[in-house]
Novice: 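Just dropping this structure here.
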Amino acid sequence: MNSTATITATEIVLPGKVEPEGLRSRSRDLPAPGKDQVVLRMEATGVCFAEQQMRRGKYFDQPPFPFVPGYDLVGTVVAAGEQVDAALIGRRFAAVTKTGAWASHLLVDAADLMPVPDEIDPAAAETVIVNGVTAWQMLYRTAKVRPGRTIVVLGANGGVGSTLVQLARHAGITVIGTASPRHHTTLRELGATPVDYRDPHMYARIRELAPDGVDAVFDHVGGPGIEDSWQLLRRGGTLVSYGTAASKDEEGNSQLPILKLFARLNTWNALPNGKSAHFYNLWAGKRLRRASFQRRMTEDLTQVLRLVADGSLVPQIAGRFALADTVAALRLAESRTVAGKVVIVPEM
């Protein structure tokens with residue numbers, strides 16, 4: 001091992017199906033990193049929709065309780081395993097962990113590290129790890145939207161949504177974005193045409209704005225409204241579904257909404273109308289092709305961070321909280337009032 005000192009980590013634990021106030025803090029000594037691992041000192045992590053589902057026991061493949069949440073982070077390598085290049089120590093990286101990032105320090109496989117330039121603020125970088133890669137891959141790898149086309153982004157004020165709006169506008173794509181009226185000014189500033197998502201005639205309003213249909217719809221809601229999203233597409237258009245927010249508060253099997261959604265998307269893809277439907281999964285391909293999966297992740301995050309560095313993409317930080325205030329961070333993220341992503345840092 002390239003570092004022998006014992007490192008004590010502070011971790012935020014989700015003990016079961018609890019309200020945010022049920023989160024617990026603990027300290028423990030981390031084991032020495034394995035031969036292919038590093039210890040990252042967290043500089044920024046955050047709250048995404050996955051953690052909101054996990055505390056309800058509703059995330060598709062979450063681990064059994066108790067566990068430490070935290071989907072991604074930016075951190076500095078402070079220790080490395082014996083087969084890891086010691087030159088990594090002291091350098092800043094991003095990692096997608098799915099769980100474990102709500103901690104002051106954590107063990108990460110060295111193969112999963114993605115470089116973060118020193119000139120980018122860690123909190124800014126944190127907002128575009130999963131959100132940025134998700135938005136980039138959905139726009140360019142899944143929907144393959146070209147300049148001059150028109151898309152609809154549901155929840156355009158959220159972490160993924162606000163990033164997707166900016167990426168699309170930077171590429172010369174027209175964006176219609178749904179959000180509550182409190183966020184409409186922000187959406188206009190980002191270059192999107194806002195539509196009130198609470199309007200019972202929301203889809204009719206979108207059709208008024210795009211009477212010939214749109215080229216892609218990015219839908220994180222699922223549920224019955226997915227049918228309306230499909231109907232917005234013109235021939236050749238693409239529906240990209242990437243969540244089931246509509247079922248967040250429903251009791252029952254957490255996998256059932258996803259399975260129902262898959263069945264519906266497959267049915268639509270069988271229709272001879274030139275339209276296509278996809279379910280985007282960030283983790284697709286990792287188990288079978290880990291090296292190519294990680295290479296693609298790193299390539300796409302690098303592209304996103306380049307846009308952050310040159311000012312083309314402005315990370316939307318909804319709030320910053322110390323790790324000790326993670327309860328308040330989760331509360332804010334679940335309030336449905338935020339634009340962007342709630343970020344957690346070691347201390348304020």
Side-chain angles (χ1 to χ4, degrees), residues 1-16 18 20-34 36-55 59 61-81 84 88-114 116 121-131 159 317 319-334 341-348:
M1 191 177 87
N2 293 319
S3 179
T4 57
T6 299
I7 295 174
T8 302
T10 300
E11 300 175 326
I12 304 300
V13 179
L14 182 59
V18 296
E21 288 75 13
L23 294 172
R24 298 289 179 260
S25 178
R26 74 181 180 199
S27 294
R28 70 180 181 101
D29 291 341
L30 290 182
D36 297 319
Q37 290 183 314
V38 301
V39 177
L40 275 184
R41 182 184 69 238
M42 185 269 287
E43 293 181 72
T45 180
V47 185
C48 63
F49 186 66
E51 286 97 20
Q52 300 173 44
Q53 290 181 300
M54 286 178 186
R55 80 163 185 84
Y59 191 72
D61 60 350
Q62 70 186 70
F65 297 115
F67 64 92
V68 177
Y71 214 88
D72 58 12
L73 80 155
V74 174
T76 296
V77 175
V78 295
V84 177
L88 296 186
I89 295 176
R91 291 173 56 190
R92 177 179 292 160
F93 293 92
V96 181
T97 55
K98 191 177 289 189
T99 60
W102 288 1
S104 63
H105 301 77
L106 66 158
L107 292 165
V108 176
D109 288 347
D112 293 338
L113 297 177
M114 298 177 285
V116 175
D121 174 66
E126 159 59 25
T127 66
V128 297
I129 303 172
V130 164
N131 291 344
I317 300 175
R320 300 186 195 217
F321 294 83
L323 184 64
D325 295 327
T326 298
V327 169
L330 183 55
R331 272 286 178 217
L332 178 61
E334 294 196 4
K341 185 170 186 178
V342 175
V343 173
I344 297 168
V345 295
E347 54 189 27
M348 297 292 289

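Below, each value reflects all heavy atoms present in this structure, side chains not excepted, and no hydrogens, waters or symmetry copies.
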Novice: Would you say Ile7 and Arg41 make side-chain contact, with heavy atoms under 4.5 Å?
Specialist: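 They are not in side-chain contact.
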Novice: Just by distance, do the side chain of Asp121 and the backbone of Ala124 share a donor-acceptor pair under 3.5 Å?
Specialist: yes
Novice: Please check if the side chain of Asp72 supplies one atom and the backbone of Ile129 the other of a donor-acceptor pair under 3.5 Å.
Specialist: no
Novice: Using 0.5 Å steps for rounding, measure from the CG atom of Leu106 to the CG atom of Leu30.
Specialist: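 Output value for this atom pair is 7.5 Å.
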Novice: To the nearest 0.5 angstrom, please state how far the CZ atom of Phe321 sits from the CZ atom of Arg331.
Specialist: 12.0 Å
Novice: Using the side chain to side chain contact (heavy atoms under 4.5 Å, CB included) definition, which of the options Leu332, Val343, Leu330 pairs with Val47?
Specialist: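 Result for side chain to side chain contact (heavy atoms under 4.5 Å, CB included) with Val47: Leu330.
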Novice: Please indicate whether Glu347 has more than 12 foreign heavy atoms, meaning atoms of other residues, nucleotides or ligands, lying under 6.0 Å from its CD.
Specialist: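 No.
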Novice: Output yes when a side-chain donor or acceptor of Trp102 lies under 3.5 Å from a complementary backbone atom of Tyr71, and no otherwise.
Specialist: no
Novice: Measure the spacing between CG of Asp112 and CD of Gln37 and express it to the nearest 0.5 Å.
Specialist: 10.0 Å
Novice: List the atom of Leu323, the atom of Ser104, and the distance in Å for their closest heavy-atom pair.
Specialist: CD2-N, 3.7 Å
Novice: Evaluate the criterion side-chain contact (heavy atoms from CB on, under 4.5 Å) for residue pair Arg26 and Val68; output intermediate values, then yes/no.
Specialist: CA-CA 10 Å; Arg26 74 181 180 199; Val68 177; 3.8 Å; yes
Novice: As an exercise, state the distance from CZ of Arg24 to CD of Glu11, rounded to the nearest 0.5 Å.
Specialist: 15.5 Å
Novice: Just how far is it from atom CZ of Phe67 to atom CE of Met54, taken to the nearest 0.5 Å?
Specialist: 5.5 Å
Novice: For the side chain of Thr127 and the backbone of Lys341, is there at least one donor-acceptor N/O pair under 3.5 Å apart?
Specialist: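 Looks like no, no N/O pair under 3.5 Å.
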Novice: Which residue pairs pass the salt bridge (charged side-chain N to carboxylate O under 4.0 Å, His left out) test with at least one member in residues 44-55, sequence neighbours excluded?
Specialist: Glu19-Arg55, Arg55-Glu334
Novice: If you take all heavy atoms of Ala50 and Tyr59, which pair is closest and at what distance?
Specialist: CB-CE1, 3.6 Å
Novice: Testing Leu113, Ile89, Leu107 for side chain to side chain contact (heavy atoms under 4.5 Å, CB included) with Val38, which one passes?
Specialist: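 Result for side chain to side chain contact (heavy atoms under 4.5 Å, CB included) with Val38: Leu113.
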Novice: Got a second to check how far Ile12's CD1 is from Thr326's OG1, nearest 0.5 Å?
Specialist: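 It is 4.5 Å, given to the nearest 0.5 Å.
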Novice: Of all the heavy-atom pairs spanning Pro33 and Ala80, show the shortest one and how long it is.
Specialist: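 Closest approach of Pro33 to Ala80: CG-C, 3.9 Å.
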Novice: Under a 3.5 Å cutoff, is there a donor and acceptor pairing between the side chains of Thr76 and Glu43?
Specialist: yes
Novice: Within the side chain of Thr97, is there an N or O that forms a donor-acceptor pair under 3.5 Å with the backbone of Gly70?
Specialist: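 Looks like yes, one N/O pair under 3.5 Å.
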Novice: Closest heavy-atom contact between Leu14 and Pro69?
Specialist: CB-CG, 3.8 Å
Novice: Considering all heavy atoms of both residues, which atom of Pro66 and which atom of Pro15 are nearest to each other, and what is their separation?
Specialist: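 In terms of heavy atoms, the two residues are closest at CB-CA, 3.8 Å.
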Novice: If you define the side chain from C-beta out and look only at heavy atoms, does anything of Cys48 sit under 4.5 Å from Val130?
Specialist: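 No; the side chains remain at least 4.5 Å from each other.
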Novice: Looking at every non-hydrogen atom in both residues, tell me the closest pair between Leu40 and Ala95 and how far apart they are.
Specialist: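 Closest approach of Leu40 to Ala95, heavy atoms only: CD1-CB, 4.3 Å.
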